[in-house]
2 protein chains.
Amino acid sequence: MGLTKTDLFTENQNEIAMLAKAIAHPARVAIIEYLLKVNACICNDIVNELPLAQPTISQHLKELKNAGIIKGNIEGNAICYCINEPVFSKIQGLFQPMQLIQNKCC
Amino acid sequence: MGLTKTDLFTENQNEIAMLAKAIAHPARVAIIEYLLKVNACICNDIVNELPLAQPTISQHLKELKNAGIIKGNIEGNAICYCINEPVFSKIQGLFQPMQLIQNKCC
DNA sequence: TTTTTATATTGCAATATTACGATATAGAGT
DNA sequence: ACTCTATATCGTAATATTGCAATATAAAAA
């Protein structure tokens with residue numbers, strides 16, 4: 001198979017999984033960290049920043065964009081990527097509602 | 001290929017990606033939520049709780065255990081799974097250090 | 001000791017992800 | 001128009017993930 005049965009889970013569970021998946025690669029973590037650090041929209045400095053080929057980075061950027069974590073604006077012949085604040089905030093608070101009261105064993 | 005080049009990234013970036021990957025499936029999100037809800041170690045109630053076959057759930061539990069998010073204690077012929085508090089807390093705070101000061105564009 | 005219950009492992013098919021060379025596209029500069 | 005720069009897409013190979021039937025294991029119950 002290899003096909004996740006999304007219809008068997010709640011919308012919330014699928015959303016958490018989807019956002020986590022977008023972050024589940026060190027290159028994408030690096031891209032997010034870089035965009036946060038430079039605090040501005042960065043075009044293809046990312047290609048020079050990361051030790052991966054340009055098509056690979058373009059692919060990772062696409063996945064982050066699909067997840068809504070970043071957004072990109074066309075700026076001349078370059079593209080200006082930056083963090084999409086609302087979604088990033090949502091990620092930061094993703095596990096806050098989950099509270100472990102107390103473990104009865106282990 | 002299909003092989004993530006972990007050696008090209010920092011230990012921290014790889015750890016974030018690894019933890020995110022463990023959460024990047026709705027069934028595993030559901031397992032975590034269930035373990036938090038019942039607030040106790042639950043054995044194979046999870047198999048009855050989730051609409052997936054027993055081997056599939058066993059596999060997901062293994063991945064969560066490998067990531068350190070849950071732990072399991074043998075209790076008779078059953079196994080008692082529960083949230084591994086320190087790692088779960090780490091996940092909750094994973095993105096807190098990342099701060100978006102201000103977007104200069106977009 | 002046989003059976004039942006709980007869980008793990010194996011093996012396999014379907015699908016997804018990762019990475020990148022080659023190539024396409026499109027605006028900017030000349 | 002031509003070239004350069006920035007980015008996306010295509011195609012493809014290698015590998016990983018998902019899901020489950022079949023089977024193994026091991027303690028509990030009968």
Side-chain angles (χ1 to χ4, degrees), chain A residues 1-9 13-14 17-31 34-35 41-67 70-82 105-106, chain B residues 1-9 13-14 17-31 34-35 41-67 70-82 105-106:
Chain A
M1 309 246 157
L3 198 150
T4 297
K5 297 183 159 181
T6 49
D7 53 311
L8 299 179
F9 302 96
Q13 287 164 345
N14 282 312
M18 182 275 275
L19 288 172
K21 196 181 215 168
I23 300 168
H25 192 290
R28 294 196 289 270
V29 174
I31 290 171
Y34 184 67
L35 285 176
C41 302
I42 282 304
C43 314
N44 215 23
D45 300 348
I46 300 169
V47 171
N48 296 93
E49 189 73 11
L50 297 191
L52 290 172
Q54 180 267 321
T56 307
I57 289 176
S58 184
Q59 202 172 270
H60 283 307
L61 285 168
K62 193 182 181 183
E63 279 168 71
L64 286 171
K65 197 161 60 176
N66 284 344
I70 65 172
K71 51 186 175 171
N73 285 50
I74 296 169
E75 191 131 317
N77 63 332
I79 292 185
C80 188
Y81 280 111
C82 63
C105 71
C106 302
Chain B
M1 308 243 156
L3 200 150
T4 297
K5 297 184 160 178
T6 49
D7 53 310
L8 298 179
F9 302 97
Q13 287 164 345
N14 283 311
M18 183 273 275
L19 288 172
K21 197 181 213 166
I23 301 168
H25 192 289
R28 295 197 287 272
V29 173
I31 290 171
Y34 184 66
L35 285 176
C41 302
I42 281 303
C43 315
N44 215 22
D45 301 347
I46 301 169
V47 172
N48 296 93
E49 189 74 12
L50 297 190
L52 289 172
Q54 180 268 321
T56 308
I57 288 175
S58 185
Q59 200 173 274
H60 284 307
L61 286 168
K62 193 181 183 184
E63 279 169 72
L64 286 171
K65 198 160 59 174
N66 284 345
I70 66 172
K71 50 186 177 173
N73 284 49
I74 296 169
E75 193 130 314
N77 64 331
I79 293 185
C80 187
Y81 280 111
C82 63
C105 70
C106 303

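This is a predicted model, so every value here is computed, not measured. Just so we're on the same page: letters track the sequence lines, and every chain starts at 1. Because only heavy atoms are used, hydrogens play no part in the values below, and waters and symmetry mates are left out as well, while side chains stay in.
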Open item on the list: Rounded at 0.5 Å granularity, tell me how far CG in B/Asp7 sits from CG in B/Asn14.
Closed with: 8.5 Å
- [ ] Give the ring-plane orientation class for B/Phe9 versus A/His25, where under 30° counts as parallel, over 60° as perpendicular and anything between as tilted.
- [x] perpendicular
TODO: Can you tell me the distance, in whole Å, between the CD1 atom of B/Ile79 and the P atom of D/dA27?
DONE: 11 Å
TODO: Take atom CG of B/Asn77 and atom P of D/dA30, then tell me their distance rounded to the nearest Å.
DONE: 12 Å
Task: Side-chain donor/acceptor of A/Gln54 to base of D/dA8, under 3.5 Å - done: yes
Open item on the list: Any base atoms under 4.0 Å from A/Leu52, or only sugar-phosphate, or nothing? Heavy atoms, all strands.
Closed with: sugar-phosphate
TODO: Give a yes or no on whether the backbone of B/Ile23 and the side-chain of B/Arg28 come within a donor-acceptor separation of less than 3.5 Å.
DONE: no
Task: Nearest-neighbour nucleotide for the A/Ser58 side chain, C/dA19, D/dA8, C/dT9 considered - done: D/dA8
Open item on the list: Please report the distance, rounded to the nearest Å, between CD in B/Gln59 and P in D/dA24.
Closed with: 19 Å
Open item on the list: Could you tell me how far apart B/Ile74 (CD1) and D/dA27 (P) are, to the nearest whole angstrom?
Closed with: 8 Å
Open item on the list: Measuring from atom CD of A/Glu63 to atom CD1 of A/Ile31, what distance do you get when rounded to the nearest 0.5 angstrom?
Closed with: 9.5 Å
- [ ] Select from A/Pro55 and A/Lys21 the residue whose nearest nucleotide in DNA chain D is closer to the 5' end of that strand.
- [x] A/Pro55
- [ ] Between B/Asp45 and A/Ala53, name the one whose nearest nucleotide on DNA chain C is closer to the 5' end.
- [x] B/Asp45
Task: Distance, rounded to the nearest Å, where A/Met18 contributes CE and C/dA16 contributes P - done: 16 Å
Task: Side chain A/Asn73, main chain A/Cys80, donor-acceptor under 3.5 Å - done: no
Open item on the list: For a quick test of reading the model: is some side-chain N or O of A/His60 closer than 4.0 Å to OP1 or OP2 of C/dT17?
Closed with: no
Open item on the list: Can you measure B/Glu63 atom CD to C/dT9 atom C1' for me and round it to whole angstrom units?
Closed with: 14 Å
TODO: To the nearest Å, give me how far apart CG (B/Asn66) and C1' (D/dT17) are.
DONE: 14 Å
- [ ] Please state how far atom NE2 in B/His25 lies from atom P in D/dC20, giving the value in whole angstrom units.
- [x] 10 Å
Task: D/dA6 phosphate, OP1 or OP2, under 4.0 Å from A/Tyr81 side-chain N/O - done: no
Task: Phosphate OP1/OP2 of D/dT18: any B/Thr56 side-chain N/O under 4.0 Å - done: no
